[in-house]
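See structure below.
Every chain is numbered from 1 and lettered A, B, ... according to where its sequence line falls, protein lines coming before strand lines.
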There are 2 protein chains.
Amino acid sequence: MTDTARSTTRYGTRPTMKDVAARAGVGLKTVSRVVNGEPGVTPDTERRVQEAITALGFRRNDSARVLRKGRTASIGLVLEDLADPFYGPLNRAVEEVARDHGALLINGSSAEDPEREQELVLALCARRVDGLVIIPAGDDHRYLQPEIAAGVATVFVDRPAGEIDADVVLSDSFGGARDAVAHLIAHGHRRIGFIGDQPRIHTAIERLRGYRTAMAEAGLPVDESWVALGPTAPERVRTAAEAMLSAPEPVTALFSGNNRVTVTVVRVLAGHPRPVALVGFDDFELADLITPGITVVAQDAALLGRTAATLLFRRLEGTDEPPQQRVIPTRLIPRGSGELPPA
Amino acid sequence: MTDTARSTTRYGTRPTMKDVAARAGVGLKTVSRVVNGEPGVTPDTERRVQEAITALGFRRNDSARVLRKGRTASIGLVLEDLADPFYGPLNRAVEEVARDHGALLINGSSAEDPEREQELVLALCARRVDGLVIIPAGDDHRYLQPEIAAGVATVFVDRPAGEIDADVVLSDSFGGARDAVAHLIAHGHRRIGFIGDQPRIHTAIERLRGYRTAMAEAGLPVDESWVALGPTAPERVRTAAEAMLSAPEPVTALFSGNNRVTVTVVRVLAGHPRPVALVGFDDFELADLITPGITVVAQDAALLGRTAATLLFRRLEGTDEPPQQRVIPTRLIPRGSGELPPA
DNA sequence: CGCCGTCTGGACAACGTTGTCAAGAGTGAC
DNA sequence: GTCACTCTTGACAACGTTGTCCAGACGGCG
């Protein structure tokens, strides 16, 4: 093993272009040219450089490259919970689009905590990601103003941004909820409960608005004990559902505000003596195999992600259209649980 | 607005420590000290610097920092499919551990394609992630040798590394599969089918081995038409299942090799005239609400992820223990479908 | 044979940060 | 008043890459 090659084995120290240049007996810039496939290098020189690269196990240091070039070819995705199945397809869709643009995806969970969201977003900005896709936990994003001004493209998904003008991609929560409740009403229900997410979450409010609108359109009164917004923890959802079902005049149907709520409600209803109709917001796997099949309002999470990421890269390519808001329609999928008549 | 402050609004150009220093009327290093909370700065100076930072909207450029310090405080996670619900909790667990260590998580999907896995891993290495958690798609990881030698900590999860000596965290696929099949045998089944993932995937082979072992231990013969390994695409799984169920001597029970297979098998069985027993590898949400409840061998995906990430950071802190292999036990959860008697 | 254009290769600065080191200011003791 | 010491501050190089620019070699043509 030659003297130069010994650096191969020096632990924890990686060879640099300088090392490669020395070993190949060429200049630094020539190595750079070969590594980046730039023209102006004779085949023979190129071969020598390639050999040196292989021998030393050289790999370009992208940190240095980023510093020099200003672009990192990476985008950040901040969502609420990486483990939530609803976000899986969204995450995947964003990754696919990023990949198509040669970018890597950095991601993290805010755990529905505005402070943690901000911390994460700013850490991503410090990394100089080129752009951000954010599922907001907080409702004030003014802290992003300087970053956006500095050129970090930003798209909000699933919920609108707070106090800031930026691109937003939303599901039609209002319309979907209205359809869901209208569906229950069409099957004869008049006392319908709504169990939704925390009221500071935009989608929860929109879905509640859809619920109220459908009831109003049918001329039905809403008893306030039929509405329960709050955390999606199983305990709280169970309590809320049981309260509505055991009231003197119990609800005969339930509309659940998202997939986690639906799952718990399904469990509660499975142990309930009387059949109760149910429509859930968000589709989920095997919803058709439960008896009866669970009727849902399906959101297209993948399309949500794809739209957001596409918008992001359009910004990165330098569009100067004003920020836009895109609304992705939802789709009611009847499977049985929503078609049960009032008991 | 002063002359200096105008740089706040220059689009696409971020202020640097030099700008902050100039505005605060101090030296570059003093700014660095304030930004990093290093001691040795008078309160008064610190205040001036902080003011300048706020006024300019300065945020430290971590790319430059990384270049200088050599550590990126980020780790890479390469898994098979971000949208697969099995990987959600794993992803989340890895992220939590990373967060506890002040590191960010970069991740991507290999789509079960060895070439894409390699491409992704090497891109992460070029970014100089401090470490890697990999769910291998390929079975030859010699390409990682120089990276590991250069100090990139690497832990493989769910499947072992190929041709390379590294930390590995696995579920007990063999034991889980044997338990599952033994469970079916205990309920009187003698003709049991196994539908699993592609044979180049390690877990598929191990589960098949568990299946064969359980059969052999019970002295039962295995007809080769009862074993079907291949892609988990619904079409192929459906075909395989239907073939086994419609043979002259049909199987009376099925063991499905992972959650995607299980889901399709459940659908097939739902449309089947005769009750067929089923045990699936991997738990999934609502498995208890289907009729009958689906008996499964549950893996602890979160524990898998947490163990891997913890091991990774131990390496990063400089342990020089030899690479280890951890096996996470599985747990059989009877829910009904596995306890059906042979028809 | 000399001139010009083209093509290849290399020296050097710059990106924004941090570590090293040294200088200057201030304090206390003799 | 001076010396030794501490505390604060800043100048400078270095991290590994890429862009700019220039030098030298080479070939063709007058």
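Side-chain proximity of A:T45 to C:dT18, C:dG9, C:dT17: nearest is C:dG9. Checking D:dG16, C:dT18, D:dT9 against every side-chain atom of B:M17, the shortest atom distance belongs to C:dT18.
Checked by distance alone, A:R33 brings a side-chain donor or acceptor within 3.5 Å of a matching partner on the base of C:dG9. Checked by distance alone, B:K29 brings a side-chain donor or acceptor within 3.5 Å of a matching partner on the base of C:dG19. The base of C:dG16 is not paired with the side chain of A:R68 by any donor and acceptor separated by under 3.5 Å.
B:E95 and A:S109 share a donor-acceptor pair across their side chains, judged by distance under 3.5 Å alone.
If you measure from atom NZ of A:K18 to atom P of D:dC15, you get 6 Å, rounded to the nearest angstrom. In this structure, A:L67 atom CG and D:dT18 atom P are separated by 11 Å, rounded to whole Å. Distance, A:N61 CG to D:dC15 P: 12 Å, rounded to whole Å. Counting to the nearest Å, the P atom of D:dT20 and the CD atom of A:E38 are 11 Å from each other. Rounded to an integer number of Å, the gap from CG of A:D19 to P of D:dG16 is 8 Å. Here the P atom of nucleotide C:dG16 and the CG atom of B:L56 are 14 Å apart, to the nearest Å. Atom CZ of B:R128 and atom C1' of D:dT17 are 11 Å apart (whole Å). Here the P atom of nucleotide D:dT9 and the CG atom of B:L28 are 15 Å apart, to the nearest Å.
Proximity of B:N36 to the phosphate of C:dT18: a side-chain N or O atom is located under 4.0 Å from OP1 or OP2. A close approach under 4.0 Å does not occur between any side-chain nitrogen or oxygen of A:S32 and OP1 or OP2 of D:dT17. When the side-chain nitrogen and oxygen atoms of A:R60 are compared with OP1 and OP2 of D:dT18, one or more of them lie within a distance under 4.0 Å. OP1 and OP2 of D:dC7 both lie 4.0 Å or more from every side-chain N or O belonging to B:T42. Dashed line: the shortest gap from a side-chain N or O of B:T30 to OP1 or OP2 of D:dG10 is under 4.0 Å.
Using a 4.0 Å heavy-atom distance criterion, B:V41 is classed as a sugar-phosphate-only contact. Using a 4.0 Å heavy-atom cutoff across all strands shown, B:V26 reaches sugar-phosphate atoms only and no base atom. Heavy atoms of A:S63 sit nowhere under 4.0 angstrom from any nucleic acid atom.
Ion pairing between B:R92 and B:E96 holds under the 4.0 Å rule for side-chain N and carboxylate O. With salt bridges taken as basic N to acidic carboxylate O contacts below 4.0 Å, one links B:R47 and B:E51.
B:N36 places no side-chain N or O within 3.5 Å of a backbone atom of B:E38 that could act as its donor or acceptor partner. Side chain of B:R23 to backbone of B:R48: no donor-acceptor contact under 3.5 angstrom is found.
Below 30°, between 30° and 60°, or above 60°: for B:F156 and B:H141 the angle between ring planes is above 60°, a perpendicular geometry.
Comparing B:G40 and A:V35 by the nucleotide of DNA chain D whose heavy atom lies nearest to each, the residue mapping closer to the 5' end is B:G40.
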